[in-house]
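Here is the structure we will look at, set down as structure tokens.
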Amino acid sequence: MRENTVTIRRPDDWHLHLRDGALLRAVTPSSSFLFGRVMIMPNLVPPVTTVEKARVYRQRVLQAAVKSNPQFQPLMGLYLTDNTTVEEIDRVAMSTEVAAVKLYPAGATTNSASGVTSITKVMPVLERMALKNIPLMVHGEVVDADIDIFDREAVFIDRVLKPLRKRLPELRIVLEHVTTKQGVDFVQEQTDTMAATLTMHHLVINRNALLVGGIKPHNYCLPVAKREEHRLALVQAATGGDPHFFFGSDSAPHLQADKESACGCAGCFTAGHALLYLAEVFYQAEALEKLEGFVSRHGASFYGVSENTDTVSLCRSEEDDNSELSAGDISSEEGMIKAFATPGVSLRWNYIL
Ligand code: NCD
Ligand code: ZN
């Protein structure tokens, strides 16, 4: 008999979009009831490009958080642009609130218009980051029109990441939301200055979930889900215990109307139930004992922070509880936000709170 309960250190979410205004107020409780550290993405409009903007945004996040979890601690990511200065990096080094800098290739994803147009333009800033030991989080996709969208990550690794690792091996880099076998293989071979986050949704769906039986906008995110062979490589990476890999939900809420549209936004809202789906992934892989490393320890170790000290417990029901599938939907003052839910993937776990 496999265990049907599990107790782990409180988890962290190393890649999270909380937005601002009404959406921020609506979605923040879905993360703040559970997670310890959350790494907040800076792709607001306008983006969070300075330590001062990040500090003020962090205050708004804290105001929106539930008060029942005193361990909740937002860490801010700073948005890297072609115009980021080395002086700003020095301010990041002095800050206790900004923990990393995020590189979006310009045009790669939601709100990335101000992103980096060429890595050579930001090289002095990256060198300063290496010197000051500030981690770089990377959205690893090229945006060239002639590259197939399903190949964007693999091409980014060859064209951008490999040369960058050669040039600045001491720069700590997190390849965010890895979606390919090429990504997994590359990261596994690297030293401990390189790591990767994995989302829950890329562990449970492949690209069929986007396109079979009608287009499924709530399964659309960037990087886009790939073939089954890639999903299996991601599951192996997550459940295999390798400390290069840790959890970043990439929970990316959009209003239902913006997802269910002729030009639907990229992003899956997973914050409230990602851990429950993850527990099932690890259970199915007969690796429940590896869940804690993936969600609660490897990320803390990479970022050089202490592990959370309290615990959370989950239990599994033998019943496939479909009523839970819409349990993560929430309403905001601006409209509904639909949670990621996909038929065929059971939600059998629940929190013991
Ligand atoms: C994210 C968003 O909506 O901000 N979307 C997504 O599909 N993941 C941006 C990102 O992380 O790429
Ligand atoms: Zn993201």
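Counting begins at 1 with the first residue of the sequence. Values below: all heavy atoms of this structure, side chains included; hydrogens, waters and symmetry mates excluded. First listed ligand is number 1; within each ligand, the first listed atom is number 1.
Ligand 1 has an N or O atom lying under 3.5 Å from an N or O atom of Thr110, backbone or side chain. Polar contact with ligand 1: present for Ala266 (N/O pair, distance under 3.5 Å). An N or O contact shorter than 3.5 Å is missing between Lys102 and ligand 1 by distance. At under 3.5 Å, not a single nitrogen or oxygen of Cys221, backbone or side chain, sits near a nitrogen or oxygen of ligand 1. Below 3.5 Å of separation, one finds an N or O of His254 facing an N or O of ligand 1.
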Next item on the list: Might you work through the side-chain hydrogen bond (donor to acceptor under 3.5 Å, both in side chains) test for Glu176 and His15, ending with a clear yes or no?
Entry: CA-CA 8 Å; Glu176 297 294 328; His15 184 135; 2.8 Å; yes
Item checked: side-chain hydrogen bond (donor to acceptor under 3.5 Å, both in side chains) between Asn69 and Ser32, intermediate numbers included -> CA-CA 7 Å; Asn69 169 16; Ser32 58; over 6 Å; no
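Residues meeting the ring-ring contact (aromatic ring centres under 6.0 Å, His included) test with Phe294, sequence neighbours left out: Phe282. Remark: Arg297 engages Glu292, Glu307 in a salt bridge (charged side-chain N to carboxylate O under 4.0 Å, His left out) (not counting sequence neighbours).
In terms of protein heavy-atom proximity, atom 10 (C) of ligand 1 is closest to Thr109 OG1, 3.4 Å. Here the heavy atom of the protein found nearest to atom 8 (N) of ligand 1 is Asp250 OD2, 2.7 Å. For atom 7 (O) of ligand 1, the nearest protein heavy atom (residue, atom name, distance) is Leu222 N, 2.7 Å.
Residues His201 and Asn219 bring no donor and acceptor atom of their side chains to less than 3.5 Å of each other. In the model, Arg19 has a side-chain atom that pairs as donor or acceptor with a side-chain atom of His254 under 3.5 Å. In this structure, a donor-acceptor pair under 3.5 Å is present between the side chains of Thr179 and Lys226. Inspection of the Gln59 and Gln63 side chains reveals no N or O donor paired with an N or O acceptor under 3.5 Å.
Ring-centre distance between His230 and His202: not below the 6.0 Å cut-off. Taking the six-membered ring for Trp and the full ring otherwise, the centers of Phe35 and Phe72 sit at least 6.0 Å from each other.
Residue-ligand proximity, Gly267 to ligand 1, at heavy-atom distances under 4.0 Å covers atoms 5 (N), 6 (C), 7 (O). Against a heavy-atom cut-off of under 4.0 Å, His15 is close to the following atoms of ligand 1: 11 (O).
Within the protein, the number of N, O or S atoms lying under 2.8 Å from the Zn ion (ligand 2) is 3.
Expressed to the nearest 0.5 Å, how far CD1 of Ile147 lies from CZ of Phe156 amounts to 13.0 Å.
Under 4.0 angstrom from ligand 1, the non-hydrogen atoms of His139 all belong to its side chain. For Glu141, no heavy-atom contact with ligand 1 is shorter than 4.0 Å. Residue His177 touches ligand 1 through its side chain alone, judged by heavy-atom distances below 4.0 Å. When heavy-atom distances to ligand 1 are checked against a 4.0 Å cut-off, Asn111 has no atom that comes that close, whether in backbone or side chain.
The environment of CD1 in Ile215 is sparse: at most 12 heavy-atom neighbours from other residues, nucleotides or ligands sit within 6.0 Å.
Contact analysis puts Arg19 in contact with ligand 1, with a non-hydrogen atom separation below 4.0 angstrom. Residue Met41 places every heavy atom at 4.0 Å or more from ligand 1.
Figure legend: Arg37 and Tyr303 shown without cation-pi pairing, the cationic atom not lying both under 6.0 angstrom from the six-membered ring centre and within 45 degrees of its axis.
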If you look only at distance, which donor and acceptor atoms sit under 3.5 Å apart when one is on a side chain in residues 121-138 and the other is two or more places apart or in another chain?
unit_1, atom_1, unit_2, atom_2, d
Lys121, NZ, Thr117, OG1, 3.1
Glu127, OE2, Arg167, NH2, 2.8
Arg128, NE, Asp90, OD1, 2.8
Arg128, NH2, Asp90, OD2, 2.7
Asn133, OD1, Arg172, NE, 3.0

